[in-house]
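These notes are about the structure you will find just below.
Residues: numbered from 1 along the sequence shown.
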Amino acid sequence: MQEKKLGLFLLVALGIGSMIGGGIFNSPTDLINSANPQAAVLAWIVGGLGVFTLVSVFQNLALKQPELKGGIYSYAREGFGEFTGYFSAFGYWIGGLLGVVAYFPLFFKTLNSLLPVEYKVSTFWAFIFSSIALWIITSIIISGVRDAGIANAIVTIAKLLPLALVVILGIFAFNKDLFFVSNWQDTLASDGTSTSVFQQVRGAMSTILWCFLGVEAAVVMSGRAVSQKVVGQATKLAFFITLAIYILISGLAMGIVSSDNLAQAATPLADVLVNTFVGGAGAVIVKVGLLISVTGATLSWILLVIELPSIAAKDGVMPKWFAKENKRGVPIRSLMVTQVLIQVFLFSLLSEKFQETYNLVYNMSTSTMLIPYMFTGLYALKLCLKEKNYGMQFIVSIAATVYSIFVLYAVGLLYLSLTLILFAIGLIPWHMGKIEKKVKYTSHELAYSVFFIVSGSYLTYQIVTGVIQP
């Protein structure tokens with residue numbers, strides 16, 4: 001059966017659906033805990049420009065290198081060899097599936113806020129229901145990538161409706177006195193602690209990039225797109241639409257709910273609508289919208305993360321076993337391994353603290369995904385140097401690389417350490433691929449492997465003994 005290709009609309013919907021998940025509903029609270037409203041706007045500008053440089057790099061590479069169908073994995077492999085390509089694919093894969101895991105505690109935290117006390121979902125039942133939902137989504141994807149893309153587009157439209165309600169009603173409830181807090185440069189309004197503008201912007205970076213993870217969705221799915229030109233168009237369209245929504249939503253929330261109350265809000269956008277004329281009914285609408293949004297983002301992200309192991313396996317970078325597709329073109333083995341790993345990580349739902357679980361997992365996801373982003377920027381920079389192109393593309397490539405490195409720094413030592421530990425574990429399938437191809441390690445590959453093993457072991461010890469903490 002011939003696979004049907006993804007057009008502009010489905011690719012834009014996939015990009016928006018991947019970026020707008022639980023992050024947008026929780027971002028006002030996440031941001032206000034790190035930055036005052038004025039600094040948060042500055043952080044959106046810095047973060048938005050940074051992500052835009054990545055978007056520009058993705059578009060330029062899609063047009064210049066249309067034969068590289070694996071997107072960010074293929075760029076790293078083409079530019080820096082199989083080892084780097086493998087770990088870009090692995091980092092994206094693990095980061096993506098961790099992002100999926102992060103959605104589940106957010107889903108049940110929100111669901112419990114809608115239910116009477118006697119009917120609240122316990123951690124055990126949250127784990128059971130999440131597991132069932134995971135395998136229902138699996139069955140949808142097995143029916144075909146394009147059919148799953150259509151389902152995602154429908155859900156994306158549905159979850160934008162409550163956000164539109166927040167924007168429309170929020171404009172009339174906005175209070176500039178709440179937004180323009182005093183001493184915003186040196187005192188955090190949410191808890192009164194001392195800070196600086198740089199610290200606030202730095203603290204917001206992880207949340208902002210988390211909100212934009214998925215901007216490369218069209219690039220990752222480029223092998224299933226009708227053309228590479230459409231891939232570039234879809235990437236930019238999805239980015240600008242999402243950026244406008246994020247700035248409006250977070251800015252309005254900070255001008256409607258006081259900083260101290262917003263910092264403690266379980267579902268901040270529900271609190272926004274409580275302060276409009278729709279009152280409690282609006283809060284229910286937003287919470288239902290969040291549940292729909294998280295469900296759609298889960299589908300979008302699984303579609304993305306199963307793609308790269310399959311492409312890498314076809315290139316011989318990962319074990320060939322991952323390359324198997326069903327008759328509808330779905331990378332079935334990559335899908336099943338991904339879902340099993342998500343199932344294992346879902347045991348984190350047995351923790352009583354849903355919000356802490358969500359924060360931990362989404363920061364791990366952000367840190368891990370930054371590795372392929374960084375190498376995409378470096379590959380674009382390498383091409384510019386090779387072609388002696390020192391114009392705008394050269395500047396954008398430098399900016400994209402610097403932005404990725406800055407956010408890695410901003411995420412913090414704990415999450416960088418966890419990323420290195422995950423990469424050390426990632427040596428297992430890499431080694432399996434080497435055995436399968438009967439190829440020896442190069443000196444560079446051996447050196448990097450030893451580095452991952454030694455540093456991963458040392459950092460594990462540091463975390464277990466409490467030397468490195470959040």
- prompt: How would you list, by chain and number, every residue that makes a ring-ring contact (aromatic ring centres under 6.0 Å, His included) with Tyr448, sequence neighbours excluded?
  reply: Phe83
Could you check if a side-chain atom of [X] sits within less than 4.5 angstrom of a side-chain atom of [Y], using non-hydrogen atoms only?
| X | Y | answer |
| --- | --- | --- |
| Lys382 | Leu385 | no |
| Phe452 | Ile425 | no |
| Val197 | Gln38 | no |
| Trp44 | Tyr246 | yes |

field: Listed partners of Lys64 passing salt bridge (Lys or Arg N to Asp or Glu O under 4.0 Å), at least two apart
entry: Glu387
Check: [X]/[Y] side-chain N/O donor and acceptor closer than 3.5 Å:
| X | Y | answer |
| --- | --- | --- |
| Gln200 | Ser34 | no |
| Thr419 | Ser367 | yes |
| Gln65 | Tyr379 | yes |

Go through the structure and list residues passing side chain to side chain contact (heavy atoms under 4.5 Å, CB included) with [X], not counting sequence neighbours.
| X | result |
| --- | --- |
| Ala263 | Ile32, Asn33, Ser190 |
| Tyr458 | Gln462 |
| Pro372 | Ile72, Ser88, Tyr92 |

Sequence neighbours left out, cut at 3.5 Å: what donor-acceptor pairs do the side chains of residues 168-181 make with other protein atoms?
unit_1	atom_1	unit_2	atom_2	d
Asn175	OD1	Asp177	N	2.9

message: Can you confirm whether Phe80 is buried at CZ, in the sense that more than 12 heavy atoms of other residues, nucleotides or ligands lie under 6.0 Å from that atom?
response: yes
- prompt: Can the ring centroids of Phe240 and Phe52 be said to lie less than 6.0 angstrom from one another?
  reply: yes
message: Ring centres under 6.0 Å, that's the criterion: do Phe87 and Phe423 meet it?
response: yes
query: Relative to Tyr86, does Arg77 satisfy both conditions: NZ or CZ under 6.0 angstrom from the six-membered ring centre, and within 45 degrees of the ring's axis?
result: no
